[in-house]
Amino acid sequence: MKLVVTGASGFLGREVCLAALRRGHEVLALGGSRAPTIPGVAQARAFDLCSEAALEALLLEEFPHAVVHCAALPTIETCLADPARAKTLNTEVPKKLAQLCFHLGAKLVHLSTDTVFDGVAGGYQHTDQPAPLNLYGETKAAAEIEVLRYGREHAAVIRTSPIIGNSVGGDRGLHERLFASWKEGKSASLFTDEIRQPVEASNLADVTIELCERSNLSGIYHWAGTEAMSRHEIGVRIARHFGLEADKFVRPISRGEVPAATTRPRDLSLRLHPLAGKLRTPAQSFDEQLAQLRVPRGCEDWYEQETGRKVVRRLEKGVDF
Ligand SMILES: NC(=O)c1ccc[n+]([C@@H]2O[C@H](COP(=O)([O-])OP(=O)(O)OC[C@H]3O[C@@H](n4cnc5c(N)ncnc54)[C@H](OP(=O)(O)O)[C@@H]3O)[C@@H](O)[C@H]2O)c1
């Protein structure tokens, strides 16, 4: 199958390209400002998705069987920094992609987020109504409507949770951001009453490719790991996994102590059915996710001093991790 992957220079998009290659597909990897460098991907380029005419020309020329759309402004902060760009990239681009995929008869797998919910009830089902609390959630919720308007039969929307994993730059995964603070001598203050359900990047990537392969699966789905827990517990388990003293590196705080927390949903736990029953890719426990994490690049010396453990520096097919 020929796949176009957007956001391929980003955290998840890179993993999606690697998953597609593992499963024997041909990949055109699109970055935004940077051409992705991914081992095994023959076709990769920088490409501004906000240029509608260029996007149309590209897809008509490439005529892919499927598009996995990972490009986005994927945080509350980046959306607030440039609201116009957030609306274009997070809502208008997926709408255009859905129109084009409908025209081409291609499958569209669109990445959405748990942040479309307000976090009041938790345990969200795929049929629950979005009620975003912030601009990021609003732009992604609006995209879901547009994608399904044009792609009810051939588009799949995956709402997912905070992604953990090893990123190339060593700064995108949850544990990598914690390590960056720890290395600076700062403990991380994490909410004991904000609930998330982390997912590992390569597992989520496998799901996106399986959805490309399964023409009968369309509509909105939820995917994450199997365990919902507080951000504080996530931090504690990451610290312990690496043999670090949790009490020293992770500080518990409650949402009541931070006024800005009101724009952050409290409980974004997701129910994974019906998708979990339909795929070969299994949802992972948090321990299975932790087992894949490595000491981030640039933190090895600090880590070795702190724990006395030796870190194996890795080279991944020419990419220095
Ligand atoms: N990360 C999470 O924890 C999380 C949680 C839930 C849902 N999601 C969703 O998962 C998806 C992937 O997130 P991510 O964390 O992998 O994002 P990311 O690492 O920030 O990557 C974003 C990608 O979008 C590209 N991009 C930005 N502007 C572009 C433009 N104008 N034209 C083309 N490409 C552009 C970037 O390219 P350059 O960097 O080359 O400019 C980059 O490749 C998003 O839809 C996000 O909403 C993420």
Side-chain angles (χ1 to χ4, degrees), residues 4-19 28-38 41 44-52 54-55 58-59 67-79 81-82 84-94 96-97 108-117 124 130 132 134-144 147 156-177 196-205 207-208 221-225 231 234 264-265 268 270 289:
V4 169
V5 179
T6 73
S9 54
F11 184 28
L12 178 63
R14 174 189 164 83
E15 292 295 335
V16 169
C17 293
L18 292 170
L28 168 56
L30 300 180
S33 53
R34 303 162 288 159
T37 47
I38 304 170
V41 169
R45 64 179 91 150
F47 187 88
D48 182 9
L49 292 165
C50 298
S51 164
E52 286 204 0
L55 181 58
L58 177 86
L59 288 192
V67 175
V68 183
H69 180 46
C70 301
L73 286 191
T75 62
I76 300 173
E77 295 73 25
T78 48
C79 288
D82 192 344
R85 183 161 172 246
K87 282 179 190 153
T88 305
L89 190 60
N90 288 2
T91 308
E92 294 305 318
V93 168
K96 182 71 184 171
L97 278 173
L108 173 63
V109 176
H110 169 70
L111 268 296
S112 191
T113 170
D114 53 6
T115 309
V116 298
F117 295 117
Y124 291 102
N134 53 54
L135 181 63
Y136 172 51
E138 282 166 21
T139 57
K140 298 292 278 189
E144 292 183 351
V147 166
V157 171
I158 310 181
R159 293 188 188 128
T160 193
S161 303
I163 302 172
I164 72 171
N166 310 298
S167 67
V168 172
D171 59 353
R172 290 289 288 121
L174 256 176
H175 81 292
E176 294 170 337
R177 283 179 274 139
R196 298 294 185 265
Q197 193 169 336
V199 62
E200 198 276 326
S202 64
N203 174 265
L204 175 59
V207 167
T208 66
Y221 296 109
H222 289 178
W223 193 261
R231 286 193 182 272
I234 293 170
R264 302 164 55 92
L268 290 178
L270 299 177
Q289 299 174 44

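Both backbone and side-chain heavy atoms feed into the values below; hydrogens, waters and symmetry mates do not. We count ligands from 1, going down the list as the structure has it; atoms in each ligand are counted the same way.
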Please confirm whether [X] comes within less than 3.5 Å of ligand 1 when only nitrogen or oxygen atoms on both sides are compared.
{"X": "Asp114", "result": "no"}
{"X": "Phe11", "result": "yes"}
{"X": "Ser33", "result": "yes"}
{"X": "Pro74", "result": "no"}
{"X": "Ser112", "result": "no"}
{"X": "Gly10", "result": "yes"}
{"X": "Pro162", "result": "no"}
{"X": "Tyr136", "result": "yes"}

Requested in this report: Specify side chain, backbone, both or neither for His110, according to which of its non-hydrogen atoms lie closer than 4.0 Å to ligand 1.
Outcome: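 For His110, no heavy atom sits under 4.0 Å from ligand 1.
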
Provide, to 0.1 Å, the distance between [atom] and the closest protein heavy atom, together with that atom's residue and name.
{"atom": "atom 12 (C) of ligand 1", "value": "Cys70 O, 3.2 Å"}
{"atom": "atom 34 (N) of ligand 1", "value": "Gly32 CA, 3.2 Å"}
{"atom": "atom 24 (O) of ligand 1", "value": "Ala71 CA, 3.3 Å"}
{"atom": "atom 1 (N) of ligand 1", "value": "Ile163 CD1, 3.7 Å"}

Report task. Please name the residue in the list Glu144, Arg159, His69 that meets the side-chain hydrogen bond (donor to acceptor under 3.5 Å, both in side chains) test with Ser112. Result ->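 Answer after filtering Glu144, Arg159, His69: Glu144.
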
Report task. May I ask which of Ser9, Ala8, Ala224 has a heavy atom nearer to atom 43 (O) of ligand 1 than the others do? Result ->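 When every heavy atom of Ser9, Ala8, Ala224 is considered, Ser9 comes closest to atom 43 (O) of ligand 1.
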
**Report entry** Under the ring-ring contact (aromatic ring centres under 6.0 Å, His included) test, residues paired with Tyr136 that sit two or more places apart
**Finding:**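 Partners of Tyr136 under the ring-ring contact (aromatic ring centres under 6.0 Å, His included) test: none.
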
Query raised in the report: Mind checking whether Ala201 has a heavy atom under 4.0 Å from ligand 1?
Result: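 False for this residue.
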
Report task. Fit a plane to each ring of His222 and Phe117, take the angle between them on a 0 to 90° scale, and name the class: parallel (under 30°), tilted (30 to 60°) or perpendicular (over 60°). Result ->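 Plane angle over 60°, so perpendicular.
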
Query raised in the report: Side chain of Asn90, backbone of Lys140: donor and acceptor closer than 3.5 Å?
Result: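 No; judged by distance alone, with no hydrogens or angles, the pair does not exist.
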
